[in-house]
Amino acid sequence: MGKKFDLKEIVLIGRTYDEYAHMFGLNDLDLKSEKLLDAASGVSSFCAEANAMGYDVTASDRIYGYPPEAIREKCAADLEMVMGKMPGLLDQYRWTYFQDVEALKRQRERAYRAFIGDYTVRRERYVDTAYPASAFADGQFTVSLASHFLFLYDEHLSYDFHRETVRELMRITARQVRIFPLVNLRYQRSLFADRLAGELMRAGHEVEIRRVNYEFLQGGNEMMVIYI
């Protein structure tokens, strides 16, 4: 048996705009003309940073019904827990984007603090959403992004949950849904990825598995692009 990142629940770990740009290959989009959804965005700072750049981004997550201080306490505790596990798992990661564990921790702290600051004063950008359902309109967004949610937690979230969430994202998105990464917490490609891609293609949708210029989890350097 290989090593496994033993998480009892989905943790609140934030990622930055720069990470999103690499994970989702955003340089091939004209972001000024897009209406973006960050699905299950947690405490990532992408929404805050992107809107500060003049882009149109909405974040959605089930945690957005909670007050800022409760979220801050939870993600600070989660970050300490995750960082405590890292020394025994160093060989499961590629240390190129991050120089070392301390650099990783600093960036994760920067992300959630930027999120908390924005969430505190601009709550309208952050929509309380419990996937696989949402209250968004058909085609409300041009591109939806799902980071470290689907596939990663395939032991916690069933295949039916994955399928229904993707269907919902496709309903509320006009052009593309992008999902990253395709690996799970066992550092293996999730079996759900190929199963879901096959199901979508049989239904007549175009699905692309695209290599990206980002890899932190070993083997986690691909995203799924679903064309609506």
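Between Glu199 and Arg202 there is no salt bridge, since none of the side-chain N atoms of the basic residue sits less than 4.0 Å from a carboxylate O of the acidic one. A salt bridge links Arg72 to Glu69: at least one charged side-chain nitrogen sits closer than 4.0 Å to a carboxylate oxygen.
Under a hydrophobic-cluster definition in which Ile, Leu, Val, Met, Phe, Trp and Tyr are linked whenever side-chain heavy atoms come within less than 4.5 Å, directly or via other members, Leu191 and Val207 are assigned to different clusters.
Proximity of a side-chain donor or acceptor of Glu19 to a complementary backbone N or O of Thr16 within less than 3.5 Å is detected. With hydrogens and angles disregarded, a donor-acceptor distance shorter than 3.5 Å links the side chain of Asp61 to the backbone of Gly42. In this structure, the side chain of Tyr112 does not engage the main chain of Arg15 through any donor-acceptor pair within 3.5 Å.
A search for salt bridge (Lys or Arg N to Asp or Glu O under 4.0 Å) contacts involving Asp56 returns Lys35, not counting sequence neighbours. With sequence neighbours excluded, the residues forming a salt bridge (Lys or Arg N to Asp or Glu O under 4.0 Å) with Arg171 are Asp138, Glu168, listed by chain and number.
Partner of His162 under the ring pair (Phe, Tyr, Trp, His ring centres under 6.0 Å) criterion, out of Phe149, Phe151, Tyr131: Phe151 alone. The only option from Phe46, Tyr17, Tyr126 that meets the ring pair (Phe, Tyr, Trp, His ring centres under 6.0 Å) definition with Phe115 turns out to be Tyr126.
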Check residues 172-183 and write down every donor-acceptor pair under 3.5 Å in which the side-chain atom is one partner and the other belongs to a residue at least two apart or another chain.
from: Thr173; atom 1: OG1; to: Ser144; atom 2: OG; distance (Å): 2.6
from: Thr173; atom 1: OG1; to: Leu169; atom 2: O; distance (Å): 2.5
from: Arg175; atom 1: NH2; to: Glu34; atom 2: OE1; distance (Å): 3.3
from: Arg175; atom 1: NH2; to: Glu34; atom 2: OE2; distance (Å): 2.4
from: Gln176; atom 1: OE1; to: Arg178; atom 2: NE; distance (Å): 2.8
from: Gln176; atom 1: OE1; to: Arg178; atom 2: NH2; distance (Å): 2.9
from: Arg178; atom 1: NH1; to: Phe24; atom 2: O; distance (Å): 2.6
from: Arg178; atom 1: NH1; to: Gly25; atom 2: O; distance (Å): 3.4
from: Arg178; atom 1: NH1; to: Asp28; atom 2: OD1; distance (Å): 3.2
from: Arg178; atom 1: NH2; to: Asp28; atom 2: OD1; distance (Å): 3.2
from: Arg178; atom 1: NH2; to: Asp28; atom 2: OD2; distance (Å): 3.2

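The ring of Phe192 has its center closer than 6.0 angstrom to the ring center of Tyr159.
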